[in-house]
Amino acid sequence: MKPPDTCGERFLGYICKVKYLEGLNDAQKRAVQASDGPISVLAGAGSGKTRVLTTRIYHLVRTGVPAGEILAVTFTNKAAREMRERVRAMLGNDGPVPFVATFHGLGRELLESYGKAIGIPRYFSVYDRDDSEKAIGAALKALDVETKELSPRAVLGRISRAKGAGMRAQEFYEKHARSSFGNRIAAEAWLRYEKTLAAEKALDFDDLIALPVRLLEEHADIRALAQDRWRYIHIDEYQDTNELQGRLANMLAAKHRNLFVVGDIDQTIYTWRGATIENLLEFDKAYPESQTIILERNYRSTKNLVDAANAVIEKNKNRKEKYSTTEREEGEPITVHMARSAEDEAHWVALRIREFIRGGTRPEDISVLFRTNFQSRALEEGLLRAGVPYKLLGTHFFARKEVKDALAWMRLAMDPSREVDKIRAAASPARGIGKITLGKLAAGDRSALRAGEKAKVEAFENIINELAHAADALIPSEFVKLVVEKSGMRRALFEEGNAEDRERFENVEELASVAARYDTAPGKESIAAFLAEAALASDQDEMDQGEKTGVTLMTVHAAKGLEFGTVFVTGMEEGLFPHQGMGNETDRDEEEERRLFYVAMTRAKERLILTLARVRKIYGSDYASEPSSFLADIGGGLMLYDETDGMDIIEA
């Protein structure tokens with residue numbers, strides 16, 4: 001039975017009781033009605049891609065395709081849930097709906113249905129990252145490898161990259177058995193890790209992609225079953241797929257070739273996680289018979305904002321030609337403000353937001369974006385002082401694990417009797433000292449320690465004593481730096497860590513910048529004053545945000561897919577945005593940073609404000625800043641420089 005043309009409910013801002021193709025522009029209609037064959041839809045920001053996806057699924061069902069033969073894959077559980085609900089609303093609440101899931105959800109479904117063929121039990125558990133790190137830690141311990149030599153996180157990163165490239169544990173071992181220390185130990189640890197997973201009847205997140213690919217590649221009969229099960233396949237955010245995800249999609253679509261992918265090369269911002277831009281960039285080479293449909297009309301942003309975003313992204317060379325247009329009004333020019341310091345920048349942003357709110361703008365329609373997490377600290381303080389309600393997507397600065405770890409070390413140096421801090425510090429970074437060992441010490445039972453335990457404890461205590469003596473002679477910012485060095489945090493996060501770890505290290509660097517406020521005199525009194533401020537801030541930050549409303553603070557990466565009436569993009573300085581921490585200064589890295597800025601710009605519907613600081617304190621030292629090269633990409637005709645210091649705003 002075909003679903004009706006009407007549903008009597010509001011859907012994506014439209015009333016469903018109108019014909020389902022009404023309100024679509026010509027390009028959107030072509031995408032919705034192109035039922036068969038491979039199709040790539042290049043969807044610019046604000047072009048209505050979600051509406052196109054859901055309406056196309058409805059169109060397929062309405063024209064006779066059974067809902068059970070339709071698959072839709074996206075990247076987050078939230079996006080999958082919303083798509084599923086919207087499709088159900090269009091189809092009506094009765095009857096089957098297509099299978100909508102994340103790639104990991106699809107992998108789990110394939111393994112639960114057919115995994116017996118490669119030895120996967122019907123019911124298995126899934127290890128999260130913490131579970132995996134603990135299992136790797138146990139493997140390293142069994143190999144008599146100190147975590148200070150090689151951390152579980154670093155080993156898991158090597159294993160994850162190898163799984164992402166399609167390697168198996170034995171293959172990796174044979175390749176690296178006589179390799180460098182790190183790869184050799186990772187290879188041996190991986191073999192033990194696989195045994196742990198098998199004993200627990202568990203898989204990890206990487207397995208949920210790697211094993212389904214192996215399953216379909218090795219078993220033609222199961223591959224045929226899966227291909228006939230889902231004859232029409234939709235992949236959202238195709239630019240964010242990695243090599244294995246691309247292989248999985250291509251295998252499922254190989255028989256019927258009804259692969260419908262939606263994405264925007266200009267919004268590829270996850271290559272550092274393994275995303276392969278070539279999956280979308282070279283789709284027409286993989287499928288020579290494919291259609292390419294470009295959605296260029298932006299329904300979100302004003303003309304000035306669309307023109308500015310075009311001016312930025314067209315500087316990239318590794319892209320498909322696409323030029324966004326809009327029928328919206330010209331709108332306000334982009335505002336640019338240069339402050340004296342990061343604190344002044346935050347103060348100006350907070351006062352400007354307060355002005356907007358007093359003028360009738362809802363706080364929930366304002367967002368403040370930043371390139372890296374450490375920037376949030378000054379912004380939070382600025383909003384608090386101005387009395388502006390806010391919510392931070394992610395963890396508050398003083399509640400971030402790496403920041404709390406460093407603070408625990410500092411407090412322990414000030415008072416070695418603090419058992420809670422001792423437990424935290426002993427595990428950050430891990431050094432083979434567990435709670436049982438620490439419990440023996442707390443009970444005064446040092447004689448019960450084995451020789452190996454005693455050596456580790458003594459090394460740990462020597463570091464604490466060294467830091468305690470140093471605290472008498474150092475200013476707070478220098479003390480933070482010494483703690484980071486002596487504790488092993490620099491090595492674990494910066495020297496051995498992955499891209500995510502290095503960003504966490506930037507938060508630790510920012511802690512030194514915060515401590516510099518108390519650099520009036522060396523010694524424990526100044527350090528204690530700083531720790532008191534951190535404790536108060538932490539208590540406030542730990543409060544349950546729940547359904548708290550207010551201005552949204554988040555990284556640009558976290559903002560992808562969202563939109564706000566007013567958007568502030570802070571830290572528009574060379575070296576910060578574009579960020580110099582991306583790795584080697586290759587064209588690809590520079591282009592990814594430009595794509596990230598494009599994402600930031602296109603979150604705004606009405607108003608975009610860019611801010612920067614002349615001087616920014618990094619790791620406790622002041623550095624003069626140069627304006628971001630992205631400002632020159634926009635061009636002066638679309639920007640207005642605001643030289644006020646914020647004091648023109650009445651502070652009631």
Side-chain angles (χ1 to χ4, degrees), residues 46 78 300-302 305 331-332 334-337 339 341-400 507 510 537-572 576-577 596-597 599-613 642 644-652:
K78 180 175 181 289
R300 175 185 301 156
S301 306
T302 62
L305 296 179
E332 299 180 15
I334 296 170
T335 299
V336 180
H337 175 75
S341 66
E343 286 69 28
D344 287 340
E345 176 192 37
H347 179 68
W348 186 90
V349 167
L351 293 181
R352 193 59 66 189
I353 289 174
R354 194 170 73 180
E355 181 186 34
F356 292 148
I357 293 173
R358 288 175 176 175
T361 302
R362 295 172 59 249
E364 294 73 33
D365 205 27
I366 301 173
S367 179
V368 181
L369 306 183
F370 40 88
R371 173 61 183 85
T372 58
N373 278 311
F374 81 83
Q375 294 172 255
S376 72
R377 192 270 313 166
L379 293 167
E380 287 185 70
E381 289 187 354
L383 293 173
L384 283 169
R385 288 172 181 170
V388 174
Y390 73 90
K391 52 188 175 183
L392 180 69
L393 263 62
T395 308
H396 288 250
F397 179 77
F398 283 106
R400 292 189 174 110
N507 292 328
E510 176 66 4
S538 182
D539 287 342
Q540 183 180 47
D541 290 343
E542 294 269 36
M543 291 172 61
D544 180 18
Q545 296 296 304
E547 296 299 318
K548 180 180 176 181
T549 59
V551 175
T552 304
L553 273 69
M554 62 184 139
T555 64
V556 180
H557 282 96
K560 186 178 175 187
L562 303 178
E563 59 181 42
F564 301 88
T566 298
V567 172
F568 290 79
V569 184
T570 60
M572 292 300 303
L576 183 53
F577 203 4
L596 190 58
F597 182 48
V599 167
M601 298 176 74
T602 54
R603 299 312 93 199
K605 295 190 289 185
E606 312 290 342
R607 185 186 292 126
L608 178 63
I609 301 170
L610 309 177
T611 66
L612 61 153
D642 186 329
T644 63
D645 61 4
M647 300 311 295
D648 58 313
I649 305 169
I650 298 174
E651 298 191 49

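The first residue in the sequence is number 1, and the count goes up from there.
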Student: Using every non-hydrogen atom in the two residues, find where Ser376 and Phe370 come nearest and quote the distance to one decimal.
Tutor: CB-CZ, 3.6 Å
Student: Quick check for you: to the nearest 0.5 Å, what is the distance between Thr549 atom OG1 and Lys391 atom NZ?
Tutor: 7.0 Å
Student: Mind checking whether Asn373 and Gln375 have side chains closer than 4.5 Å, heavy atoms only?
Tutor: no
Student: For the side chain of Glu606 and the backbone of Thr566, is there at least one donor-acceptor N/O pair under 3.5 Å apart?
Tutor: no
Student: Between Glu381 and Arg377 (side chain of the first, backbone of the second, donor and acceptor by atom type, cut-off under 3.5 Å), is there such a pair?
Tutor: no
Student: Quick one: pull up CD1 in Ile353 and CG in Leu379 and give me the separation to the nearest 0.5 Å.
Tutor: 8.5 Å
Student: Would you say Glu332 and Leu608 make side-chain contact, with heavy atoms under 4.5 Å?
Tutor: no
Student: Within the side chain of Asp642, is there an N or O that forms a donor-acceptor pair under 3.5 Å with the backbone of His337?
Tutor: no
Student: What's the separation between atom CD1 in Ile609 and atom CZ in Arg607, rounded to the nearest 0.5 Å?
Tutor: 6.0 Å
Student: Can you list the steps and then say if Phe568 with Val551 is a side chain to side chain contact (heavy atoms under 4.5 Å, CB included)?
Tutor: CA-CA 11 Å; Phe568 290 79; Val551 175; over 6 Å; no
Student: To check you understand the geometry: which heavy-atom pair defines the closest contact between Ala600 and Val569, and what is its length?
Tutor: CB-CG2, 4.0 Å
Student: Establish, for the pair Arg362 and Phe356, whether the NZ or CZ atom is under 6.0 angstrom from the six-membered ring centre and no further than 45 degrees off its axis.
Tutor: no
Student: Is the shortest side-chain N to carboxylate O distance from Arg300 to Glu563 below 4.0 Å?
Tutor: yes
Student: In Å, rounded to the nearest 0.5 Å, how long is the span from OG1 of Thr552 to CG of Leu393?
Tutor: 6.0 Å
Student: For Thr570, run the side-chain contact (heavy atoms from CB on, under 4.5 Å) check against Thr611, Leu369, Leu576, Leu610 and tell me which one passes.
Tutor: Thr611
Student: Locate the shortest heavy-atom distance separating Leu305 from Ala604; write the atom from each residue and the value.
Tutor: CD1-O, 3.7 Å
Student: State, with a plain yes or no, whether a side-chain heavy atom of Arg603 is found less than 4.5 Å away from one of Ser367.
Tutor: no
Student: I'd like to know if Arg358 pairs up with Glu355 as an ion pair, taking the criterion as any Lys NZ or Arg NE/NH1/NH2 lying under 4.0 Å from an Asp or Glu carboxylate oxygen.
Tutor: no
Student: How close do Leu562 and Phe564 get, heavy atom to heavy atom, and via which atoms?
Tutor: CB-CE1, 3.9 Å
Student: Donor-acceptor pair, distance only, cut-off 3.5 Å: does the side chain of Arg354 make one with the backbone of Val388?
Tutor: no
Student: Taking all non-hydrogen atoms of both residues into account, name the closest pair between Ala350 and Gly382 and its distance.
Tutor: CB-O, 3.3 Å
Student: Show your reasoning for whether side chain to side chain contact (heavy atoms under 4.5 Å, CB included) applies to Leu392 and Glu380.
Tutor: CA-CA 8 Å; Leu392 180 69; Glu380 287 185 70; 3.6 Å; yes
Student: Looking at every non-hydrogen atom in both residues, tell me the closest pair between Ala346 and Ala378 and how far apart they are.
Tutor: CB-O, 3.2 Å
Student: Are any side-chain N or O atoms of Asp365 and backbone N or O atoms of Gly565, one a donor and one an acceptor, separated by less than 3.5 Å?
Tutor: yes
Student: Are Arg400 and Glu510 ion-paired here, with the side-chain N under 4.0 Å from a carboxylate O?
Tutor: no
Student: Apply side chain to side chain contact (heavy atoms under 4.5 Å, CB included) to the pair Val556 and Phe597, showing each step before the final yes or no.
Tutor: CA-CA 8 Å; Val556 180; Phe597 182 48; over 6 Å; no
Student: Report the distance from atom OG of Ser301 to atom CE of Met601, rounding to the nearest 0.5 Å.
Tutor: 9.5 Å
Student: Using side chain to side chain contact (heavy atoms under 4.5 Å, CB included), reason through Lys605 and Thr302 one step at a time and then give a plain yes or no.
Tutor: CA-CA 6 Å; Lys605 295 190 289 185; Thr302 62; over 6 Å; no
